[in-house]
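In what follows, every chain begins at residue 1, and chains take the letters A, B, ... in the order their sequences are listed.
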2 protein chains.
Amino acid sequence: MARIKTNKDVTRREVITKAAAALFREKGYKAASMRDLAVKVGVEAASLYNHIRSKTELLHDICFNVANHYMEHMYAVENEPVSAIAKIERLIRFHIRQMVENYEEVYVSDREWRHLSDPYLSNYHNQRRNYRKRFTAIVEQGIQNNDIKSIDAATAVLVILHAISGIESWHRSKQKIDAAELEKNMVTILVDGLRN
Amino acid sequence: MARIKTNKDVTRREVITKAAAALFREKGYKAASMRDLAVKVGVEAASLYNHIRSKTELLHDICFNVANHYMEHMYAVENEPVSAIAKIERLIRFHIRQMVENYEEVYVSDREWRHLSDPYLSNYHNQRRNYRKRFTAIVEQGIQNNDIKSIDAATAVLVILHAISGIESWHRSKQKIDAAELEKNMVTILVDGLRN
DNA sequence: CCTACCGATCGGTAGG
DNA sequence: CCTACCGATCGGTAGG
């Protein structure tokens with residue numbers, strides 16, 4: 001990560017990382033081999049190491065790119081001058097859109113992050129907890145304002161987060177519903193379940 | 001599976017399968033080695049093969065035990081003389097209870113089944129689709145009776161199913177909420193989001 | 001249930 | 001970017 005890169009190197013590396021995300025999503029991190037990845041990229045396995053340091057580094061890059069993106073968005077939402085329920089709706093819509101537009105990376109960072117190794121593993125774990133905590137605080141704010149039913153806020157956040165990550169099943173299926181339609185349906189189910 | 005078994009053999013096999021479920025949940029199927037499993041059981045790796053045929057067989061047994069259990073329950077619910085919304089509530093409570101009481105097996109069958117190999121893989125895949133289809137039919141029935149909001153039924157089912165499987169995060173956390181409390185919260189969030 | 005061991009495959013390196 | 005190759009680890013078997 002602290003390497004000096006030429007423009008071409010960055011591009012090549014991005015191609016590899018993108019292919020890795022697709023492969024890790026398809027097979028799982030452990031079941032995906034560097035030889036599989038090499039075939040996908042169109043080079044010999046050994047050649048990958050001119051652009052990346054290790055298999056772990058690929059997973060690391062995918063996970064932290066996604067995490068940073070989500071964290072920045074959370075920060076922006078927190079500082080918007082709108083009601084808690086409006087913030088929650090924005091978070092839901094953001095999650096859905098990320099899942100649809102950036103499917104492979106989001107899926108991998110959600111399901112394969114446990115295969116990170118330890119300086120990064122606990123770092124990532126902490127970021128996830130921090131994100132959930134801040135999401136929970138918004139729900140609790142909504143409860144205090146009487147906009148949201150008096151339920152356990154942490155449970156509500158888990159329900160929302162996992163409901164959205166379940167879009168994978170929809171994504172995998174042939175009958176692709178319109179993305180906007182999907183968003184509308186999910187917001188209806190989730191937010192109307194919260195609203196007083 | 002077609003082997004002749006003594007009583008002791010059945011017990012031993014069950015111990016191994018239980019340990020495998022815990023191990024596969026903890027590390028993922030691919031990252032879990034038979035040597036890891038042997039340590040957990042307290043024998044040498046080679047000795048495991050007196051009780052089981054292969055690593056895949058362990059995954060197979062875990063997945064299909066859970067699947068059969070869910071399928072039987074679905075059948076029972078379908079034939080109860082209650083409203084669609086009552087059926088949905090029963091399904092939700094069943095899922096939550098299974099997730100809490102039978103955590104390792106349910107988790108593994110939900111997240112690791114894609115590592116099954118191909119006669120069983122497609123069989124399992126079909127069972128999942130069948131289960132979701134029948135769940136969706138119940139939701140659609142509720143929509144026709146005007147008990148449930150006019151949303152896309154398949155999306156609603158995905159939301160429900162994945163929201164519940166997200167209990168893992170709660171399970172993993174230290175602050176274990178009371179199980180009944182959790183059930184109540186989730187039913188409130190999910191069912192009240194559906195009810196007209 | 002163990003010791004001994006196998007062929008295959010893995011992530012990664014050396015050297016050009 | 002490739003050829004050649006490494007040490008480690010894997011699932012599983014033979015034979016007792």
Side-chain angles (χ1 to χ4, degrees), chain A residues 1 3-17 19-21 23-24 26-63 108 112 114-121, chain B residues 1-21 23-24 26-63 108 112 114-121:
Chain A
M1 260 149 307
R3 282 167 71 226
I4 295 154
K5 307 164 192 168
T6 66
N7 275 344
K8 205 187 165 193
D9 197 35
V10 171
T11 302
R12 205 79 187 103
R13 191 188 161 102
E14 281 170 359
V15 167
I16 293 171
T17 306
L23 188 68
F24 294 166
E26 189 187 324
K27 301 195 148 198
Y29 176 75
K30 275 285 176 181
S33 75
M34 295 304 277
R35 281 147 178 97
D36 291 334
L37 181 58
V39 169
K40 208 155 192 152
V41 174
V43 294
E44 291 301 314
S47 304
L48 295 170
Y49 291 88
N50 289 308
H51 305 283
I52 59 153
R53 267 202 252 265
S54 63
K55 189 185 180 187
T56 281
E57 191 189 60
L58 286 169
L59 182 62
H60 171 275
D61 283 2
I62 294 164
C63 289
V108 168
E112 303 294 328
R114 59 176 165 166
H115 295 112
L116 287 167
S117 37
D118 210 1
Y120 305 112
L121 179 61
Chain B
M1 263 148 305
R3 283 168 68 223
I4 296 155
K5 305 162 192 168
T6 65
N7 274 342
K8 207 186 161 193
D9 199 36
V10 170
T11 301
R12 205 82 187 99
R13 191 190 162 100
E14 280 169 0
V15 167
I16 292 169
T17 306
K18 193 83 192 164
L23 188 68
F24 294 168
E26 188 187 324
K27 299 194 149 199
Y29 177 75
K30 275 285 176 182
S33 76
M34 295 304 276
R35 282 147 178 97
D36 291 335
L37 181 57
V39 169
K40 209 156 191 149
V41 174
V43 295
E44 290 301 314
S47 305
L48 294 170
Y49 291 88
N50 289 309
H51 305 284
I52 60 152
R53 267 202 253 266
S54 64
K55 187 185 180 186
T56 281
E57 192 189 58
L58 286 169
L59 182 62
H60 171 274
D61 283 3
I62 293 163
C63 289
V108 168
E112 303 293 327
R114 60 175 165 166
H115 295 113
L116 287 167
S117 39
D118 209 1
Y120 305 112
L121 178 63

### Query
Taking CD1 from A:I52 and P from C:dT13, how many angstroms apart are they, rounded to a whole number?
10 Å

### Task
Between C:dC2, D:dC1, D:dG12, spot the one nearest the side chain of B:K55, thanks.
D:dG12

### Query
Has A:R53 got a side-chain N or O lying under 4.0 Å from the OP1 or OP2 atom of C:dG12?
no

## Note on the structure
In numerical order, the residues of residues 30-42 of chain A whose heavy atoms come under 4.0 Å of DNA chain C are A:A32, A:S33, A:M34, A:R35

### Query
Got a second to check how far A:D61's CG is from A:Y120's OH, nearest 0.5 Å?
9.5 Å

### Message
If I take atom CZ in residue A:F24 and atom C1' in nucleotide C:dC10, what distance separates them, rounded to the nearest angstrom?
### Response
13 Å

## Note on the structure
From NE2 of B:H51 across to C1' of C:dC2 the rounded distance in Å is 12 Å

### Query
Does the ring of A:F24 carry A:K30 above it, NZ/CZ under 6.0 angstrom from centre and within 45° of its axis?
no

### Residue pair A:V43 / A:H51, side-chain heavy-atom distance below 4.5 Å
no

### Message
When both hydrogen-bonding distances must be under 3.5 Å and the geometry is Watson-Crick or G-U wobble, what is C:dG15 paired with, if anything?
### Response
D:dC2

#### Entry: Flag side-chain contact, heavy atom, 4.5 Å: B:E112 against B:I62
no

### Summary
Here the distance between atom P of D:dC1 and atom CD1 of A:I16, to the nearest Å, is 8 Å

### Task
When you get a sec, tell me which of C:dG12, D:dC1, C:dC2 is the closest nucleotide to the side chain of A:N50?
D:dC1

#### Entry: Taking every non-hydrogen atom, the tightest pair across A:A20 and A:L58
CB-CD1, 4.0 Å

### Residue closer to the 5' end of DNA chain D, B:A46 versus A:S47 (nearest nucleotide)
A:S47

### Query
Charged N to carboxylate O below 4.0 Å: is that the case for B:R114 and A:E26?
no

#### Entry: d(OH, A:Y29; P, C:dC10) in whole Å
13 Å

### Query
To the nearest Å, how far apart are A:L48 CG and C:dG12 C1'?
11 Å

